[in-house]
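Chain letters run A, B, ... following the sequence lines, proteins first and then strands; every chain starts at 1.
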Protein chains: 2
Amino acid sequence: MVQDNASGQGGTGTFRPGSGTAARRRPTLRMVAELAGVSTATVSYVFSGRNGGGSGVAEPTAKRVLEAAEQLNYRPNRAARTIRTGRSDTVQLSLHMLSDPWSLAVAAAVNEEANRHGLTTLILADGDWYAALDRVESDVAYLDAAVGSDEARRKLQALAERGQRLVVFSETLEPDGYDVIRSDAIPGCYLAMDHLLERHTAIGCLVAEGAVRTPEHSRYTPYLVRMRERGLPIVPEHTATYADTQASAFTAAVALLSREDRPTAIYATTDFAAIAAINAAHMLGLRVPHDVAVIGIGNTPDAQSIAPTLTTVGPTDFYRRQAEIIVARALDSGDGEPGLHEFPWSLVPGGSTDLDAPPRPARTN
Amino acid sequence: MVQDNASGQGGTGTFRPGSGTAARRRPTLRMVAELAGVSTATVSYVFSGRNGGGSGVAEPTAKRVLEAAEQLNYRPNRAARTIRTGRSDTVQLSLHMLSDPWSLAVAAAVNEEANRHGLTTLILADGDWYAALDRVESDVAYLDAAVGSDEARRKLQALAERGQRLVVFSETLEPDGYDVIRSDAIPGCYLAMDHLLERHTAIGCLVAEGAVRTPEHSRYTPYLVRMRERGLPIVPEHTATYADTQASAFTAAVALLSREDRPTAIYATTDFAAIAAINAAHMLGLRVPHDVAVIGIGNTPDAQSIAPTLTTVGPTDFYRRQAEIIVARALDSGDGEPGLHEFPWSLVPGGSTDLDAPPRPARTN
DNA sequence: GAACGGAATCGAATCGATTCGATACCTCGA
DNA sequence: TCGAGGTATCGAATCGATTCGATTCCGTTC
């Protein structure tokens, strides 16, 4: 099953030369103390920087301790520290899907903010968020896209009562011993439609399969509502659905844009689908935004890394501010009781709908 | 900075109704034992399934313990368990870049394999891999793309001597108390060039900036070598460089393909750049592979999610097999001494170079 | 009825750190 | 010379689990 050939090049042996076979066990603080001829307390003070009553460890003693630690190759055991102090200096992110651009953006932002405060970010990707919480000790846990079921509510509250600090992202849950971050997309979707309606009447829709089946509170509704309000015809063939793969969105967009009566603008319910639509348009020889305008939803970082840049809607400065909330809760510096944090959405203009921009901004090298 | 308005809807108060303010501290095994009227040993046996000498905990006792635990909302403290048993049931992945398709594919595969064995996967994304290793206790740590510097070698060996089990992905390091996974891209790059040379002579190159500056052992070399071997002219303008953003690769590809004397095939040094090239071709109205063929390098999952599918080179079944090695090491079931695990590369045919395929396979809905 | 054997449970040591109160040491002033 | 006061260090309890050897409580057997 696995091919081992440790003698890759030359005749260098497999075993490390200097170290005997005895060096198997991990060195402990006590060993360091013995080697340095001090108590365990002193070693601990040297490593933690703190000190019980006095103003610190004397210089020569500290030097001796550090040398002993170096010689033994000592590093503190995190689990032992955690059990004693009750802190793990760790932020846990439980993400439902690893490759989702939203999740990645959150992870990157939290990681940066956590590092700034000396914390470590742990990412757990698992189908079962709640199980994940019982698998690692962490100062605070962030749950991605928590649903509002009664079971979820119960489990979250149980965790909170046990003292686990929690931040959940949810459009339906209410705070209940834990923080809730909410960023309702629907008002933003109306902004997106309004933007397109300034210049277009033949608008197509690129929407996730599930949203068409159950349109209530989905991103499909704003499309239907606005079209109806303006008295515009809702052409069934102008709605194309996609699953959650890039290829699926691309295929759907091609089908939509290769019609005789193709729309002059596309309302895509995710940035990711909007980007697929731009690629599809280019493949079909259509210019964006002149032949077809495209708007996305979500304001993910990807929106900036395509030519032309994507017009989208989303919360502003969302990732950074969300990261601040999470880390503040880990440090227990959050403002008192957990509560609701709302992030309103707004329009983020880009080249994919801006007719006044030069046709192909990406061409310059 | 943060807007709290916990009274979101209706008049529901902020505080949870049932629980008093006393329920602040996390319940311990001892509390469960007292409530159930048994010793801590018994509670531990109930939760771990194991038992000291006897054949198990009696049914009525176990029931009493579980009820007490349920009532107190008890969950074992992982840090305490880790310190006592020396195992954390945890696999740690230290990735240098979170959004890299390779890293994500590794993470997904390891996560699946780890779950299958009751382990939890922790992902650390950090600039400093070695520092990350001192921040969490884990049964095994995987290091992404370790460089072969002397400092890296020293640090890795120090970790290994301390008993930390390690699996590193590296093209230059040799095993030294830790496993090395190697998957040399260069032979694969030659395969890619050979594939293009079967039908093309005017071949362009899309290469990372760094590789052009220091071509030794880079993916640029196989391009130069093969072109020279065949006596084909190496047109300087047929080499375009990109940084590590999608937009950058896209721009480079557009520049390359909008030339009068554009090449009929593109050798891209990553799948990611190859995909950008396909998109660029489509935008310029060029058909892939008829007007321009494209080959990528790496065999990432993304290669399958574009139309036409990408021809690429890479190791086969790499992610799953790599995951097996890592998890086996965590469970200490790996075959004895750590060693070298090599994954050879081969050609993965796709539509982006296959002239016999229908022109636009994505068109069907 | 006493000795025996096995199952169920218990008590206490232990893992590797932190931290509080106590102690040893030193200097300085009267 | 003695005591006060401050500093550096130490000893031991502790965090929450696991686990080994010991103990109790049965029902059997002779």
Touch class at under 4.0 angstrom, heavy-atom based, for A/V43 against every strand present: nothing

Sugar-phosphate, base or nothing in reach of B/A41, heavy atoms under 4.0 Å: base

Given C/dA8, C/dG11, D/dT18, the nucleotide with the shortest approach to the side chain of B/L29: D/dT18

By side-chain hydrogen bond (donor to acceptor under 3.5 Å, both in side chains) - contacts of A/R135 (at least two apart): A/D126, B/T120

Distance, rounded to the nearest Å, where [X] contributes [atom1] and [N] contributes [atom2]:
X: B/Y45; N: D/dG21; atom1: OH; atom2: P; result: 11 Å
X: B/E34; N: D/dG16; atom1: CD; atom2: P; result: 12 Å
X: A/R78; N: C/dT18; atom1: CZ; atom2: C1'; result: 14 Å
X: A/F47; N: C/dG16; atom1: CZ; atom2: P; result: 15 Å
X: B/D89; N: D/dT18; atom1: CG; atom2: P; result: 11 Å

Is any NZ, NE, NH1 or NH2 atom of the basic residue among [X] and [Y] found under 4.0 Å from an Asp or Glu carboxylate oxygen of the other?
X: B/R329; Y: B/D179; answer: yes
X: A/R75; Y: B/E137; answer: no
X: A/E324; Y: A/R320; answer: yes
X: B/K63; Y: B/E59; answer: no

Selection: residues 59-74 of chain B, any non-hydrogen atom under 4.0 Å of DNA chain C: B/T61

End-to-end axis angle, where each axis spans five pairs of the helix from C/dG1-D/dC30 to C/dA30-D/dT1, to 10°: 70°

Under 3.5 Å: donor-acceptor pair, side chain of A/R165, backbone of A/L331: no

Under 3.5 Å: donor-acceptor pair, side chain of B/S170, backbone of B/V168: no

Partner residues of A/R84 under the salt bridge (Lys or Arg N to Asp or Glu O under 4.0 Å) criterion, sequence neighbours left out: none

Residues A/E67 and A/Q71: side-chain donor-acceptor under 3.5 angstrom: no

Short side-chain N/O contact from A/S39 to OP1 or OP2 of D/dG11, under 4.0 Å: no

For nucleotides 13-15 of chain C, list the nitrogen or oxygen atoms of the protein found under 3.5 Å from its nitrogen or oxygen atoms, one pair per line.
{"from": "C/dT14", "atom 1": "O2", "to": "B/R84", "atom 2": "NH1", "distance (Å)": "2.8"}

Under 3.5 Å, which donor-acceptor pairs link side chains of residues 112-119 of chain A to any protein atom two or more places apart or in another chain?
{"from": "A/E113", "atom 1": "OE1", "to": "A/R116", "atom 2": "NE", "distance (Å)": "3.3"}
{"from": "A/E113", "atom 1": "OE1", "to": "A/R116", "atom 2": "NH2", "distance (Å)": "3.3"}
{"from": "A/N115", "atom 1": "ND2", "to": "A/N111", "atom 2": "O", "distance (Å)": "3.4"}
{"from": "A/H117", "atom 1": "ND1", "to": "A/E113", "atom 2": "O", "distance (Å)": "3.0"}

Check against salt bridge (charged side-chain N to carboxylate O under 4.0 Å, His left out), B/R162 and B/D134: CA-CA 12 Å; B/R162 201 160 76 227; B/D134 280 329; 2.9 Å; yes

